[in-house]
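The sequence lines fix the lettering, A, B, ..., with proteins before strands; numbering per chain opens at 1. Basis for what follows: all heavy atoms, side chains included, without hydrogens, waters or symmetry-related copies. Fair warning: this is a prediction, and the values are worked out from it, not measured in the lab.
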Amino acid sequence: MPHAPQLTGAPVVRREARDKVTGTARYAAEHTPPGTLYAWPVPATIAAGRVTAVRAVDALAVPGVHTVLTHDNAPALAEPEDPILAVLQSDRVPHHGWPIALVVADSPEAARTGAGRLLVEYESTEHDVTLTEDHPGLYTPEKANGGFPAVRKRGDFERSFAAAPVQVDATYRLTSLHNHPMEPHAATAWWVDGHLTVHDSSQGSDAVRKSLARVLGLGPEHITVVSEHVGGGFGSKGTTRPQAIMAAMAARHTGHPVKMVFPRAQLAEVVGHRAPTIQRVRLGADLEGALQAVSQEIVTHTSTIKEFVEQAAVPARVMYGSPDSTTTHRVAALDVPSPSWMRAPGEASGMYALESAMDELASALGMDPVELRLLNDPATEPDSGRPFSSRGLAACLREGATRFGWHGRDPRPAARQEGRWLLGTGVASATYPVLVSRSTARAHAAADGTFRIEVNATDIGTGARTVLAQIAASALATDADTVDVRIGSTDLPTAPLAGGSSGTASWGWAVHKAATALAARLADHRGPLPAEGFTTTGDTEEETAAESPYARHAFGAHFAETAVDSVTGEVRVRRLLGVYAAGRILNARTARSQFTGGMVMGIGMALTEGSAIDPVFGDFTAKDLAAYHVPVNADALDIQAHWIEEDDRHLNPMGSKGIGEIGIVGTAAAIGNAVRHATGARLRELPLTPDRLLPYLL
Amino acid sequence: MKPFGYQRPTTTAEAVRLCAEGPGARFLGGGTNLVDLMKLGVEEPGLLIDVTKLPLDRVVRTPDGGLRIGATVRNSDLAAHPDVRRDHPVLTQALLAGASGQLRNTATTGGNLLQRTRCSYFQDVSKPCNKRLPGSGCPAREGSHRDLAILGHSPECVATNPSDMAVALAALDATVLLLGPEGERAVPVTEFHRLPGENPDQDTVIRPGELITEVVLPPPAPGTASRYRKARDRASYAFALVSVAATLQVDAGRVERATLAFGGVAHRPWRARRAEAELLGAPATPAAFQHALIAELAEAQPLRDNAFKVDLVRRVALDVLGELCEPQGRETAPAT
């Protein structure tokens with residue numbers, strides 16, 4: 001039967017959408033093999049020190065409790081690559097919330113009750129959890145997250161800045177932020193004849209398998225990790241998290257399948273967070289607005305067990321041209337939970353400060369902030385001097401300005417009022433790098449005319465199955481409905497994680513390669529297919545290893561209209577409009593969903609989300625979604641995402657850039673700039689809660 | 001989880017009797033707070049007495065034009081009740097400002113009055129808290145207290161009452177009817193919740209075994225307008241930073257009658273008696289309102305990080321009083 005080719009880009013509905021809304025899609029904690037036991041983790045309640053005793057008599061007396069694992073009796077692990085995985089291996093407590101015991105029982109209720117009966121004794125040492133810009137522990141690391149050099153200097157920033165007739169020197173402060181995906185981190189693990197199977201809530205099960213193989217001293221062929229459906233991760237499931245290790249340990253120790261779900265209240269301390277940053281930005285420009293000097297200096301924290309340095313100064317190396325520039329990162333190792341990846345690590349934080357400073361510069365120059373950005377749009381990447389494979393920033397700014405109705409904007413601050421509401425508009429740029437990793441995939445043509453694609457991709461809610469079917473269908477000149485897509489298991493061809501906005505590019509490239517080979521094979525064949533069909537494979541090792549001579553980034557522009565309650569200081573985002581240049585968009589429906597999702601998360605970053613560490617106890621004080629305020633529907637009123645189709649031949653066969661993260665980048669700055677326009681208040685600290693606005697209101 | 005018993009009586013007498021029998025018994029309404037606290041280990045009842053089958057789910061008009069609100073009337077039903085909407089818009093507005101649609105559909109009138117503080121130390125059993133564990137200390141005073149009290153707190157406790165509904169009821173001079181082993185009694189809602197003093201473990205004056213059966217609203221004073229306004233950290237589904245419930249009757253430019261209650265600022269809905277006294281007979285002008293509010297807030301004792309609430313509650317109250325003077329006044333819903 002002939003099939004009409006379906007173009008990529010079509011707004012195809014997610015394949016698993018119905019399964020999800022009807023509850024038949026199974027998540028990691030929804031697998032219950034016979035004999036399953038339930039594990040409840042016990043977090044440390046001190047911020048630094050060691051466990052001197054765990055008295056488990058009362059816990060073990062709880063009916064149903066099988067065992068209590070601690071560093072005294074837990075299976076020994078080989079040293080993991082990531083120190084956060086060395087759980088139950090020593091008495092050391094590096095931060096509040098560090099897992100110190102695991103209670104295993106035949107019901108979750110019994111496990112939890114047992115955990116409550118555990119008597120833990122500690123020897124506390126003094127702790128320090130408070131980041132300051134002059135913290136004595138600050139040092140310059142070799143690299144920031146992502147492998148970027150911590151320090152880059154071009155020309156003589158200080159001389160150039162001092163000579164610039166127009167200067168901005170401002171310091172911006174961001175608190176810790178939490179990923180808090182809807183599905184908490186969970187794993188179900190069981191052993192059969194020496195083979196370990198783990199259903200894990202992860203953004204990439206091959207990486208989880210690798211971690212498990214290393215710490216358990218097993219060959220990867222003895223481990224299967226399945227991440228079939230994942231309820232969001234936002235980076236927090238991009239690296240292996242303790243639940244996979246702990247469930248596997250407990251399953252080995254007890255001989256039963258073990259299921260473990262991190263309770264929401266413990267999540268923030270074990271799954272990473274966006275590290276707080278203190279960012280000094282200095283911009284020097286000539287009287288026409290051309291940047292002469294750009295500096296962004298980051299101060300951030302990491303934990304005492306792991307160096308993770310939020311790469312917040314890295315986007316400044318990409319964004320605007322200037323003869324002289326300095327970008328630096330310094331970090332202090334505090335007694336805090338280990339920070340990690342959170343949606344657009346580096347870009348989200350760094351672009352808040354840089355794009356706020358650009359707005360300050362536009363004000364100082366008396367220049368339109370869109371024009372200022374257009375004027376400083378560089379021809380080559382400022383840091384590397386490489387040409388851009390494509391750079392759509394100017395097009396996004398222009399398109400966005402038109403769509404938003406920016407032209408003719410009155411630049412005066414605090415000049416528009418509608419009833420009780422002070423109105424303002426703001427703009428900010430966005431950028432996110434094009435990343436891609438090696439992937440493999442298999443394509444199969446069955447005798448009945450249908451196709452099957454196999455690749456260990458992970459769907460974290462973005463529609464990976466759907467877009468991979470579209471890519472394969474395009475290569476095979478068939479309808480996507482004829483393509484069965486199997487993802488989410490290490491039994492499938494090896495593939496990288498859903499992270500760094502690189503999943504579709506990485507998996508899709510391998511799928512495209514395998515499907516293209518299959519199409520060629522079918523084209524050569526005459527007559528009916530053999531009963532076993534044809535199978536081809538794709539491996540992008542060579543393609544992805546090649547260094548590109550181009551600087552490759554997605555760009556975007558965000559425009560926000562805010563209303564500030566002149567009585568209370570409450571801020572509402574009336575309109576938020578984003579325009580993106582991210583290569584070819586492969587599925588208009590799921591892409592829009594990712595863009596708008598990022599923008600809503602950006603509203604949270606701007607207005608509602610913030611997490612303080614209690615200096616006395618050393619923990620995050622917000623322990624649930626009632627206290628940690630993610631935006632609700634009433635905060636997300638009119639969100640529009642548009643894009644500019646780019647024809648960039650230097651990316652991958654699909655011509656796509658990543659889209660999962662850029663939506664959050666710049667959103668907070670656009671909102672902050674709009675609040676400044678509305679009120680005249682230049683706040684340099686997020687979130688913009690009423691207490692921060694109040695001092696500036698009449 | 002600690003195992004607990006569960007009973008679902010159909011008469012109030014039986015409910016009270018069951019409660020007297022078992023130590024550690026708790027009445028269960030919608031469970032929107034109690035069940036959360038059980039999950040956190042803050043509450044460990046031995047017996048839950050589900051009150052939702054008691055005949056307390058009606059709103060009935062009293063002969064004098066007031067309303068008797070059954071304790072198990074759901075928050076959403078109460079907010080939508082035509083008599084409440086017509087006579088006491090402040091109560092509808094307060095209810096709709098609280099929680100989320102789903103929570104309001106299950107939360108009850110009695111349960112709302114008995115909800116506990118959301119102070120993070122109270123909710124974390126690994127930490128000291130005088131309210132949860134008397135004598136253990138109050139880390140909030142020096143710790144995380146941006147959301148906590150500025151009025152009427154004590155060295156032992158700086159918690160706030162989280163209810164929106166109760167603030168409106170305080171401004172409306174509602175009365176709480178209680179049924180206990182020793183019979184019925186009525187307590188004005190303004191005296192129902194306590195200040196913490198040396199016993200912050202006691203949120204209210206309710207006695208062991210007493211059941212809230214009804215809340216009685218007096219008839220609305222003719223010519224009185226009422227309004228509720230809440231300031232919060234996000235547009236919906238957040239507890240009040242501060243809130244204001246007010247009723248106001250103005251005649252010939254002078255305040256004939258005014259009631260004013262603040263939420264989010266104290267261990268109980270804060271009835272602003274001093275401001276009310278200042279307002280009585282005063283000209284209905286922003287200057288007079290400002291004067292009264294400053295007098296009320298003179299006794300505020302903000303903590304290190306919540307001084308903004310003094311300013312915020314004054315601003316909101318001033319605005320609400322101003323709006324009540326001009327009933328056709330400015331819009332209050334977020335402009336979209």
Side-chain angles (χ1 to χ4, degrees), chain A residues 43-46 63 96 107-110 112-113 116 263 265 418-421 423 563 565-575 603-604 607-610 612-617 619 621-627 629-638 687 689-692 694-695 697, chain B residues 1-3 36 39-41 44 99-101 103 118-121 123-128 139-140 142-147 162 229-239 241-242 305-320 322-323 329-336:
Chain A
T45 57
I46 62 166
H96 193 282
S107 73
E109 292 82 5
R112 190 172 186 164
T113 305
E418 196 177 282
R420 66 189 310 128
W421 299 93
L423 306 182
D565 187 316
S566 59
V567 174
T568 63
E570 291 165 291
V571 182
R572 301 286 179 262
V573 178
R574 284 185 167 190
R575 289 194 292 148
I603 292 176
L607 301 184
T608 60
E609 294 182 45
I613 300 179
D614 188 307
V616 175
F617 297 97
D619 61 341
T621 51
K623 299 231 182 290
D624 56 33
L625 293 172
H629 291 156
V630 298
V632 294
N633 280 325
D635 295 297
L637 299 174
D638 178 356
T689 43
D691 49 329
R692 296 219 163 103
L694 221 46
L697 301 176
Chain B
M1 188 178 72
K2 184 179 156 191
D36 284 354
K39 290 179 183 172
L40 293 169
E44 294 193 314
S100 65
L103 289 167
R118 280 358 186 247
C119 174
S120 66
Y121 301 100
Q123 296 188 337
D124 184 344
V125 296
S126 74
K127 293 176 182 167
E142 298 302 324
S144 171
H145 57 232
R146 168 185 175 265
D147 299 342
R229 183 90 202 280
K230 174 179 181 178
R232 46 184 151 178
D233 280 335
R234 65 180 163 191
S236 174
Y237 195 34
F239 293 98
L241 291 170
V242 307
D305 293 331
N306 69 1
F308 76 97
K309 284 189 171 191
V310 181
D311 192 28
L312 185 56
V313 76
R314 182 186 57 75
R315 295 171 69 100
V316 174
L318 184 63
D319 198 58
V320 165
E323 283 178 344
R330 296 168 290 163
E331 65 174 334
T332 53
T336 56

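Only the side chain of B/Ser120 comes within contact range of chain A, with heavy atoms under 4.5 Å apart. Proximity to chain B (any heavy atom under 4.5 Å) is shown, for A/Leu697, by both the backbone and the side chain. Contacts between A/Asp619 and chain B at a heavy-atom distance below 4.5 Å involve the side chain alone, from C-beta outward. Contact of B/Arg146 with chain A is made through the side chain alone, with heavy-atom distances under 4.5 Å. The contact between B/Asp124 and chain A is made entirely by side chain atoms (from C-beta outward), counting heavy-atom distances below 4.5 Å. With a 4.5 Å cut-off on non-hydrogen atoms, A/Leu625 touches chain B through its backbone but not through its side chain. Residue B/Lys39 touches chain A through both its backbone and its side chain, counting heavy-atom pairs closer than 4.5 Å. Of the two parts of A/Thr621, the backbone and the side chain both hold a non-hydrogen atom closer than 4.5 Å to a non-hydrogen atom of chain B. In this structure, chain B has heavy atoms under 4.5 Å from both the backbone and the side chain of A/Asp691. Only the side chain of B/Gln123 comes within less than 4.5 Å of a heavy atom of chain A; its backbone N, CA, C and O stay farther away.
With hydrogens and angles disregarded, a donor-acceptor distance shorter than 3.5 Å links the side chain of B/Arg234 to the backbone of A/Val630. Checked by atom type and distance alone, the side chain of B/Arg315 pairs as donor or acceptor with a backbone atom of A/Val567 at under 3.5 Å. With hydrogens and angles disregarded, a donor-acceptor distance shorter than 3.5 Å links the side chain of A/Glu570 to the backbone of B/Arg232.
Between A/Thr568 and B/Val316, some side-chain heavy-atom pair lies under the 4.5 Å cut-off. Side-chain contact between A/Pro631 and A/Glu609 is present, with heavy atoms from C-beta onward closer than 4.5 Å. In this structure the side chain of A/Pro695 never reaches within 4.5 angstrom of the side chain of B/Phe308, judged on heavy atoms. Residues A/Val632 and B/Ser236 are in side-chain contact: their nearest non-hydrogen atoms beyond the backbone lie under 4.5 Å apart.
B/Glu142 CD to B/Asp305 CG: the interatomic distance, rounded to the nearest 0.5 Å, is 10.0 Å. The line from CG of B/Asp233 to CG of B/Leu241 is 4.5 Å long, rounded to the nearest 0.5 Å.
Taking A/Lys623, A/Arg692, A/His629 one by one and counting their heavy-atom pairs under 4.5 Å with chain B, the maximum is reached by A/His629. Heavy-atom pairs under 4.5 Å with chain B were tallied for A/Leu423, A/Val571, A/Thr608; the largest tally goes to A/Thr608. Contact count versus chain B (heavy atoms, under 4.5 Å) is highest, among A/Asp635, A/Asp638, A/Thr45, A/Thr689, for A/Asp635.
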